[in-house]
Structures are given as structure tokens and as C-alpha cells.
Amino acid sequence: MTVKERYEEAKELYKRIGVDTDAAVKQLKDISISMHCWQGDDVKGFDHDGPLSGGIQTTGNYPGRARDAKELMADIDKVFTLVPGKHKLNLHASYAIFEEGEFVDRDQLEPKHFKKWVEYAKEKGLGLDFNPTYFSHHMVKEGLTLSSPDEEVRQFWIRHGQACIRISQYFAEELGQPCLMNIWIPDGYKDIPADRISPRARFKDSLDQILSIDYDKEKVLVCLESKVFGIGVESYTVGSNEFTINYALNKGILPLMDCGHYHPTEVVSDKISSMLLFHDKMALHVTRPVRWDSDHVVLFDDETKEIAKEIVRNNAIDRILVGLDFFDASINRISAWVVGMRNMQKAFLYALLSPNEKLAQLQMNSEFTELMMLQEEIKLYPFADVWNYFCETEGVPVREDWFQEIQAYEKEVLSKRS
């Protein structure tokens, strides 16, 4: 049977439980995921030669890491030939592209230092999101940035945040779509602090100063990301979950929840419904935490499916901005990107193919026996036939056929990078 024939059979089966597969495929095509640039080069960036710092580690030494902007863009190109739909690219400030002989520090970055990324995005039909880079820099003193008691350090990073807002607005204006600008800092302490409130008070003041500049809030969607712990800051993080949610709500910016930034028994899927009651929009970094924030490649697993279900069943596709955040240097980096992107899309399709209104009504009527039965039976519906049809109609390989292109690219391109 052809992919189309299998799809037509699946379509009839789903119709019996009230699911329109054509509508699901159409809706999936319009869901944009923000793909993180830093998977391609192990979070190295282009503005420093030193090691990663700020509680971040990339493990593995698989050959073929992108070493410059040209190589990184080529690798990103390959990914988007294997992923259906149109998406966004998520940049960190450390990926500024300087002309030969030119360099400015992070507090002096300007839109012109990202002009080549804008040109690339226009050519490929991509949107851009952005992140200030508060790690891997000599001005991270004693592990602190925006919460530092050293005013010179703090002001440097405040200027960096302000510069990034201006760059984000440049992205939005050039590309005709909002830019999500995410603030995350690594600040914290390895052991139990004597004073928890002062660093957070300084962080709050720093954020106030960053947001005090004039910018278009419809074009730049500033969000704030929390973290429960990091390597070297195991006992206390300044930007805790409570801090970031309260600050975002108070200032009218977006909260960002990263799947790895909570205690091991917490899941982001359970938090989404509560957040939607109090925030018009929110952002997610979908990753796979293994023992906390280890940023493994996103799988088509239960939690990823549950996150997508919560977004779909709460009619929040336009309210929740989804980006990915993982980095694995132990496997082919491009393959990791493709797996993660396609799995996030699979999770959305799985959610769109659920009879969500019927399931909600069964819960409302306390018909829990039928609810459990139907929830279990739809797990075996021919979801894969709909996914393969979506890929085929979008002109990307179906099933595992995409991996042959990765193998060829590795042989022809990646293996020749020293």
C-alpha cells in the first residue's frame, strides 16, 4: 500500500471517534517550533575561545561539530530539509557574526552583528528568537551576573540585556513576526547561602533596568526562565521558579518553563493548565531531563506527548511558544536535531488526533471507566500512517528514510571537518 492509501484507511478509523485527520494535518502544518542553534556546535558560540561555564556541560566528542557560522548554517539547512513545516531558529547572543578584524563585547552588541542571520532567515523563510548569553564570559564573577554585588559586573550585564532587546526588535521588524527574547542567568551558590534575598533583590532591580528601555512589546516578547539548580550552584539559584513566575506576572512579560529546570518528580505538563489561567502567553523549552537538567534529545515519550496534549486540549497553540533545548555531542548533531524536531511535531499530531472534546465530556460526566478505555484504545490507532502522510505532503522523507541523507552528509561534509 502507498502512504496515501494507508492514510485514507487511517482517516476512516479516526472518523469513527470524531477525529478529522485532514484538519489535524492542516493545523500541524501551521505549528512553528523554535529550533535552538546551539545543538550544532556544542554551545560554543563565536565570541569566545574558552570553555563552557555557568553550570552548562556538553558531553561527547562526535566528529563534525560546526566551527563557524558558515558551517552552522549549512547544518541547519540540512535539518530543515528533513523536518516538515516552517519553523523558527533560536539564537544566543554569543552567535554574533563579526566582520574580519571586528569585535565588540556583549554589552556593546548591535543589530548589525546579526545582519547575516537575518539575511539567512529571510532566504530560508524562518523566524528568529533570541537569548542574551549570561555564561562563558570573563565578566561572570564568582558565578554571578545580574545578581552580582559588584556594580561594574551587574551594569555590564544590564547593558547586555538592553542590547539584546534592541537586537530582538530588529529581528521582529526585519522578519515581520514577533521575536521571543528569553532571559536566563546561571547565578547561584554551591552551598547553603547566608542571605537568599539580597541576590534576588539585585536581580529584580537588574531586570527592571533592562525592561526600562523603550521597545515594542508586540514585537519583542521578553520572557524569563527559572532553574532549580546547576553544576556548581546546587544549593541555591537566584532565578528560582517562584521568582520568575512572580516577576513575569508582575511585569507583564512571559514566563518560560524548561522541562529540565525542576525537581525530578515535577513535570511541566502538569503546570501548563495553571499557568494558562494567569498568563496570556507563555514559553516552553522542551528537552528531556535525565536526573534533572541534562538536556537529552527530545523523544516521542510520555511527557512530550502530555505537554503537546495540554497545549492542544486547552486551545493554547497560539498562546504557548515552543522551543527545544538540548545538546548532545555523543551522537551526530544533525541527527539529534532532526529526531528532536520531528518528535515534537509527532507529539503535536498525536494530540491533534485525540478526541479531546469527547474525552473531556466523559470526565465531566464522571464516566471514568469509558474514559480510561478510550484513552488506552486510541494509543493503538494508526497515528504513524497520518504522520507519514504529513511528511510526504510536506516533501520530506517518511519513516527512517531521512537517516540515509544524514549518513551521506556525514560522509561528504562532517567527516572532513578536523
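The structure presented is a predicted model; accordingly, all values stated were derived computationally and were not measured.
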Distance-only side-chain donor-acceptor flag, Thr287 / His285, under 3.5 Å
no
**Message:** Side chains of Glu303 and Ser269: any donor to acceptor distance under 3.5 Å?
**Reply:** yes
Does any donor atom in the side chain of His92 or Thr133 lie under 3.5 Å from an acceptor atom in the other side chain? yes
Checklist entry - In terms of side-chain geometry, is the basic nitrogen of Asp75 or Lys70 positioned less than 4.0 Å from the acidic oxygen of its partner? => result no
Take His137 and Asp105 through the test side chain to side chain donor-acceptor pair (under 3.5 Å) and record every step on the way to the result. CA-CA 10 Å; His137 193 277; Asp105 215 338; 2.6 Å; yes
| field | Test of ring centre spacing under 6.0 Å for Tyr170 and Phe114 | value | no
Next on the checklist: Tell me whether the count of non-hydrogen atoms from other residues, nucleotides or ligands lying under 6.0 Å of CG in Asp195 goes above 12.
Outcome noted: yes
### Lys305 to Phe300, cation-pi by 6.0 Å centre distance and 45° axis angle
yes
Between Asp20 and Tyr14, a side-chain donor and acceptor under 3.5 Å:
no
For Lys217, the salt bridge (charged side-chain N to carboxylate O under 4.0 Å, His left out) test, sequence neighbours excluded, returns none
- Task: Kindly check if the number of other-residue, nucleotide or ligand heavy atoms within 6.0 Å of CG (Leu277) is above 12?
- Result: yes
Is it true that, when you exclude Lys115 itself, more than 12 heavy atoms of the residues, nucleotides or ligands shown sit nearer than 6.0 Å to its NZ? no
Smallest heavy-atom separation, Leu359 atom then Leu371 atom, equals O-CD1, 3.5 Å
| said: If you apply the rule side-chain contact (heavy atoms from CB on, under 4.5 Å), what do you find for Asp301 with Arg288, and how did you get there? | reply: CA-CA 9 Å; Asp301 57 13; Arg288 179 166 51 103; 3.7 Å; yes
Closest heavy-atom pair, Asp258 versus Val268, reported as atoms and distance to 0.1 Å, is O-CG2, 4.0 Å
Rounded to the nearest 0.5 Å, the CD atom of Gln363 sits from the NZ atom of Lys358 at a distance of 14.0 Å
- Task: Would you indicate whether Glu102, at its atom CD, is surrounded by more than 12 heavy atoms from other residues, nucleotides or ligands within a distance under 6.0 Å?
- Result: yes
Before you tell me yes or no, could you show the steps for Asn131 and Tyr95 under side chain to side chain donor-acceptor pair (under 3.5 Å), namely the whole-Å CA-CA distance, both residues' side-chain angles and the distance that decides it to 0.1 Å?
CA-CA 10 Å; Asn131 308 261; Tyr95 290 82; over 6 Å; no
ask   = Side chains of Leu207 and Tyr247: closer than 4.5 Å at any heavy-atom pair?
value = yes
query: Is the shortest side-chain N to carboxylate O distance from Lys116 to Glu119 below 4.0 Å?
result: no
Apply salt bridge (charged side-chain N to carboxylate O under 4.0 Å, His left out) to Asp22 and Lys26, showing your working. CA-CA 6 Å; Asp22 287 342; Lys26 184 176 184 295; over 6 Å; no
Q.
Please determine whether ring pair (Phe, Tyr, Trp, His ring centres under 6.0 Å) holds for the pair Tyr134 and Trp157, giving the CA-CA distance in whole Å, both sets of side-chain angles, and the decisive distance to 0.1 Å.
A. CA-CA 7 Å; Tyr134 290 102; Trp157 292 113; 5.2 Å; yes
Report task. Tell me yes or no: between the side chains of Asp129 and His36, is some donor less than 3.5 Å from an acceptor? Result -> no
Here the pair of heavy atoms bringing Val238 nearest to Pro199 is CG1-O, 3.7 Å
Quiz item: Near Asp270 CG, under 6.0 Å, is it more than 12 heavy atoms from other residues, nucleotides or ligands?
Solution: no
Taken to the nearest 0.5 Å, the spacing of Lys86 NZ from Leu126 CG works out to 6.0 Å
* Asked: Between Asn241 and Ser226, is there a donor-acceptor pair closer than 3.5 Å when you use the side chain of the first and the backbone of the second?
  -> no
(message) If we count only N and O atoms by modelled type, under 3.5 Å, do the side chains of Asp216 and Gln169 hold a donor and an acceptor together?
(response) no
key: Heavy-atom donor-acceptor pair, Ser148 side chain to Thr145 backbone, under 3.5 Å   = no
CE (Met275) and CG (Leu254) are apart, to the nearest 0.5 Å, by 9.0 Å
Rounded to the nearest 0.5 Å, the NZ atom of Lys281 sits from the SG atom of Cys223 at a distance of 12.0 Å
Test side-chain contact (heavy atoms from CB on, under 4.5 Å) on Val298 and Met341; report intermediate values, then the result. CA-CA 8 Å; Val298 171; Met341 287 290 285; over 6 Å; no
Is the ring pair Phe130/Phe171 parallel, tilted or perpendicular, if the boundaries are 30 and 60 degrees? perpendicular
In terms of heavy-atom contacts, Val398 and Cys391 come closest through CG1-CB, 3.9 Å
Under 4.0 Å between a Lys/Arg side-chain N and an Asp/Glu carboxylate O for Lys122 and Glu174? yes
State whether Arg106 and Asp47 are salt-bridged, where the test is any N-O pair (Lys NZ or Arg NE/NH1/NH2 against Asp/Glu carboxylate O) under 4.0 Å.
yes
CD of Glu410 to CZ of Arg333, rounded to nearest 0.5 Å, is 10.0 Å
Between Ala66 and Asp41, the two heavy atoms sitting closest are O-CB, 3.3 Å
Contacts table for residues 149-156: side-chain donor-acceptor under 3.5 angstrom, sequence neighbours left out:
from	atom 1	to	atom 2	distance (Å)
Asp150	OD1	Glu152	N	3.0
Asp150	OD1	Val153	N	3.4
Glu151	OE1	Arg154	NE	3.3
Glu151	OE1	Arg154	NH2	3.3
Glu151	OE2	Arg154	NH2	3.1
Glu151	OE2	Gln155	NE2	2.9
Arg154	NH1	Arg202	O	3.4
Arg154	NH1	Asp205	OD2	2.9
Arg154	NH1	Ser206	OG	3.0
Arg154	NH2	Asp205	OD2	3.3

Less than 3.5 Å apart, which donor and acceptor atoms pair up between the side chains of residues 310-329 and the rest of the protein, not counting sequence neighbours?
from	atom 1	to	atom 2	distance (Å)
Glu310	OE1	Asn314	ND2	3.2
Glu310	OE2	Arg313	NH1	2.6
Asn314	ND2	Glu310	O	2.7
Arg319	NE	Asp280	O	2.9
Arg319	NH2	Leu276	O	2.7
Arg319	NH2	His279	O	2.7
Asp325	OD1	Trp38	NE1	2.9
Asp328	OD1	Ser330	N	2.8
Asp328	OD1	Ser330	OG	2.5
Asp328	OD2	Ser330	OG	3.4

- request: Take Glu99 and His113 through the test side chain to side chain donor-acceptor pair (under 3.5 Å) and record every step on the way to the result.
  value: CA-CA 8 Å; Glu99 297 294 336; His113 301 124; over 6 Å; no
In this structure, CD of Gln209 is separated from CG of Leu146 (nearest 0.5 Å) by 9.5 Å
Are Lys219 and Glu173 close enough, and set up right, to give a salt bridge (charged side-chain N to carboxylate O under 4.0 Å, His left out), and what steps lead you there?
-> CA-CA 7 Å; Lys219 295 177 180 176; Glu173 290 172 349; 3.4 Å; yes
More than 12 foreign heavy atoms under 6.0 Å from CG of Asp30: is that the case here? yes
Of all heavy-atom pairs linking Trp387 and Arg342, the shortest is CH2-O, 3.7 Å
